[in-house]
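The structure appears right after this line, and notes come after that.
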Amino acid sequence: MRKWSGRSKFLGKISSLLVLVCIGGILWGMRWHRFRSHQGLVTYKIRKMDLVISVREGGNLQALSAQKITNQVPGSRTILQVVEEGTQITEEDVRQGRILIRLDSKDIEDRIQQMQITLENSKAAYTEAQENLLIQKKQNESDLRAAELKVRFAKLDLEKYLGSTLTEELLKKPEMPTSELLASPHLGGEALNKKRQCETNIDLAKEEVARAADRATWSEQLAEKGYVTKTELEADKLALQQKEVSLEQARLSADLFFRYDFRKQVERLYSDYLEALADLERTKAKCQARLIQAEANVRNRQATHLLNLTSMRDLQEQLKNCTIVASKPGFVVYATSDRPWRTDAPIQPGTTIRQNQDLLTLPDFNSMGVVVKIHESAIDRVKIGQKAKVIVDAFPDKLLTGVVKNIALMPDPTLKFLNPDLNVYVAQIALDQVYDYLKPGMSAQVEILVNQLSSVLAVPVAAISFQGEDAFCRILQGARIIEQKVSLGESNEQYIEIKSGLKEGDLVVLPTSGGLPRTANASGKVPQEGQGKSSGEAQSNLATSPEVRKEPSTPAPEGEERGRLLPAETGGSQLERAAGRRRRLPEGGPDETSGQKVYSPGGRANDNNRQP
C-alpha cells in the first residue's frame, strides 16, 4: 500500500508538471502567434492636428493680361510687313507709333477714290432735294393763299348779291327756299336792288297807264265836242296802248327775276362759294402731298449720302487697319506660334490672312500668373479670391503667393477632346507681386488654400475604405483588427478628418503594399491597372507622420514603441488625390448590429465574441 501510495504521488506530480508545461506551451504559442500575426502591420496612432485643406495642381506661367491683335479688314489680305517675333515693344515705340504689321491695301485705295466721286454726287443730290423742299414750301403757301382768297371772294360775291346777314343764314341753312329768301327782311345787296327796281318799274308803268288812260278818255270827250282832231285822239289811244305794253313788260320782267334770275344767281354764287371751299381743301391736300414727297426725297437723298459717307469712313477705317501700330508695350508673339498643330499659315510677309484672324499677341509681364487645370472632383472647393502658394520649378527655393483670379465655367475642350471622361477646368492664379526673373511657359506647382481645421482628429486617407456609401477604418485592439464605421469630414492629399467613430490614441491599421486593394478615385471609379498610385506609393506618402509605425520582425515587450518608417515626400496630382477615394472591404462586411467586424491579423474574419 505504501508503495502504491508513493507511486500515486509521483504520478500526480508528473501530471501536474505536464499540465503546467501544456499551459505554458499554450500561452507561449498564443504569444508567438500574436507576435507572428503582428509582423508586417503598419499602424498609425490617432492624434489631434491642424489640418490644412488645399488643392494642389501643376501649371504654367502665363501673362494673364495680354493685347491680342487681330485682322479687322474684311476679305483676304496679304501681309507685306511684320515685326519679328520676340521683339520688345517699349514705351518709346508706342509714342512713335512703331509699325507692327502692314497689309496690302491697293484695292481699298481704289475703292476710296471711286467712293469720293459717289459721295460728291450724293451730296449734290441731297442739297438739291433740300432746296426743292424749300421751294415747295413756298409754293404751297402761295397756292393756299390763292385758294383761301378765292373762297373769300366767292363769299363776298354772295354777300354782295344777298347781303351779309342773309348770306350767313343761307350758309347755315342751305336748303332755304328762294321765296323765303325774297321775302326775308334781311334781303340786301343787288337782289334787293333788283327787286325794288322791278317793283318800281311796275308802279311807274301803272302810273303811266293811268295817265295815258285819263288822257285818252279826255281826248275822246274833247273829240266829241270837236275840240281835238281825230288824229290827236288816235295818238292818245296809241300812247295808252304803249303804256299798257310797258306795264306788262315790267310785270313780266319782275316775274322773270323772281322766278328765274334771282334763283339762278343765288345758286350760282352759292355754288361758286362751295367750289372755292372744295378747291381750298384740294389745294391743301395737294400741298401736303407735294410737301411729303419733297421731304421723302430729302430723306432719301440724305440716307443715300449718309450711307456713302459711312462707306467712305469704313473704307478709311479699313485702310487705317491695314497698318497696325504699337499701342501698348510688351513682347511680340505670333498667334500661330502656340498652335503648331493648326493648319494656319505662319505669320510672315506674303501670307494671306482672313478677317478676324489672330495675328499677334503682346503679353503684359506685369500681370504674370499661373494657369492650372483643376479636376472636376475639386472644382467646387476652389473659389475666386482664395489664397494660393506657388513654387516655380526653375526656382524651387522661392515661395510665391497669389490669389485665384478666374475659374472657367466650362471644361477644357482640349483635354475633353482627347479624353471625354476627363473634365478639368482652367483656373488663373494671379501673383501678388511682379518678378522680373519669371518667364511665360515656366512650370509651377500651385497649392490653393481651401480651408484650415484646428485640432481635429485625422487619419491617413489610405486607412479609409468604403462599402457602398459607408466609410470604415481598421483599428488594432490587442490582437484583434476591427472594422470601425466612421464619419468623415474634409481631407487633403494625406489626411482626412474623422468626425466620429474613433478617438484619440486609437491605432489604425494601414494597408501594406501587398494587401492594399485598388482604390476608387475622386470621381468614384476604380482605376485600371497602371493608373493612379500604387499601394506602395500611397504608403510612402503617409510615412512622413511620426505616428505611423511598423511592427518589428523581432519580438519586443508589450506596449513598447515600435520602429518608425522614414519620411517620404508627398506627390501626385489632383487626379490621384486621395480625397474621396474608396477602398473595397474584404468579403463579409461589417457587423450589422455593432457596426464592427473583427478580423484576424491574417485578414480572416472572426466573430465579435470570439477571443484570440
Side-chain angles (χ1 to χ4, degrees), residues 52 54-70 81-101 324-342 346-348 358-374 382-408 412 414-415 424-450 569-571 573-574:
V52 177
S54 63
V55 175
R56 296 183 181 182
E57 283 295 347
N60 298 95
L61 292 177
Q62 288 186 13
L64 302 184
S65 176
Q67 180 188 10
K68 182 179 294 185
I69 298 176
T70 60
Q81 176 186 349
V82 61
V83 68
E84 293 184 1
E85 188 173 19
T87 302
Q88 183 177 3
I89 305 300
T90 62
E91 293 287 351
E92 182 65 22
D93 294 333
V94 174
R95 286 192 295 269
Q96 294 180 358
R98 180 174 180 178
I99 297 176
L100 301 180
I101 189 168
I324 302 175
V325 298
S327 59
K328 290 183 179 180
F331 285 85
V332 176
V333 179
Y334 291 169
T336 56
S337 298
D338 59 346
R339 300 191 301 270
W341 63 89
R342 297 289 295 272
I347 302 300
Q348 61 185 8
D358 296 338
L359 302 178
L360 306 175
T361 301
L362 276 70
D364 183 9
F365 289 166
N366 292 329
S367 62
M368 191 68 71
V370 185
V371 176
V372 297
K373 297 179 179 180
I374 302 176
V382 179
K383 308 294 181 184
I384 295 178
Q386 291 177 342
K387 299 295 183 180
K389 299 178 181 179
V390 179
I391 295 181
V392 182
D393 293 353
F395 308 98
D397 56 338
K398 296 183 179 181
L399 178 62
L400 312 181
T401 59
V403 63
V404 179
K405 180 181 179 181
N406 185 36
I407 303 174
D412 183 28
T414 304
L415 294 181
V424 293
Y425 295 80
V426 178
Q428 295 180 350
I429 312 300
L431 299 180
D432 293 337
Q433 298 181 15
V434 178
Y435 303 93
D436 296 336
Y437 55 84
L438 297 182
K439 302 297 180 183
M442 287 185 172
S443 300
Q445 303 299 321
V446 177
E447 181 180 5
I448 302 174
L449 305 180
V450 177
E569 288 295 327
T570 300
S573 65
Q574 181 63 30

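Values below: every heavy atom of this structure, side chains too, minus hydrogens, waters and symmetry copies. Count residues from 1 along the sequence.
A heavy-atom distance below 4.5 Å is not found between the side chains of Thr90 and Pro329. Side-chain contact between Arg98 and Thr87: present, with at least one pair of heavy atoms (C-beta onward) separated by less than 4.5 Å. Residues Asp412 and Tyr425 form no side-chain contact, since every pair of their non-hydrogen atoms from C-beta on lies 4.5 Å or further apart. Annotation: side chain of Glu84 is not in contact with side chain of Val332 (no heavy-atom distance under 4.5 Å). Here the side chains of Gln445 and Asp393 are in contact, with some heavy-atom distance below 4.5 Å. Between Ile448 and Ile374, the closest side-chain pair of non-hydrogen atoms falls below 4.5 Å. Annotation: side chain of Val390 is in contact with side chain of Val446 (closest heavy-atom distance under 4.5 Å).
The structure places CD of Glu85 at 11.5 Å from CD of Gln348, a figure rounded to the nearest 0.5 Å. In this structure, CG in Asp436 is found 8.0 Å from NZ in Lys439, a value given to the nearest 0.5 Å. Expressed to the nearest 0.5 Å, how far CG of Asp432 lies from NZ of Lys387 amounts to 5.5 Å. The CZ atom of Phe395 sits 4.5 Å away from the CE atom of Met442 when rounded to the nearest 0.5 Å. A distance of 12.0 Å separates OG1 in Thr361 from OH in Tyr334, rounded to the nearest 0.5 Å. Distance check, rounded to the nearest 0.5 Å: CD of Gln88 to CG of Asp93 gives 8.5 Å.
Nearest heavy atom pair, residue Asp364 against residue Ala63, reads O-CB, 3.5 Å. Shortest non-hydrogen contact noted between Phe331 and Gly86 is CD2-O, 3.7 Å. Contact record, Leu64 with Lys405: CD1-CD, 4.0 Å, taken as the closest heavy-atom pair.
Only one option out of Ile391, Leu438, Val370 pairs with Leu400 in a side-chain contact (heavy atoms from CB on, under 4.5 Å); it is Leu438. The side-chain contact (heavy atoms from CB on, under 4.5 Å) test with Asp358 singles out one residue from Thr336, Thr70, Ile69, and that residue is Thr70. When each of Ile324, Leu100, Ile99, Ile347 is paired with Val83, the side-chain contact (heavy atoms from CB on, under 4.5 Å) condition holds for Leu100 and for no other.
Under a 3.5 Å cut-off, the side chain of Gln428 and the backbone N or O of Asn406 do not form any donor-acceptor pair.
Annotation: cation-pi geometry satisfied between Lys398 and Tyr437 (NZ/CZ under 6.0 angstrom from ring centroid, within 45° of ring axis).
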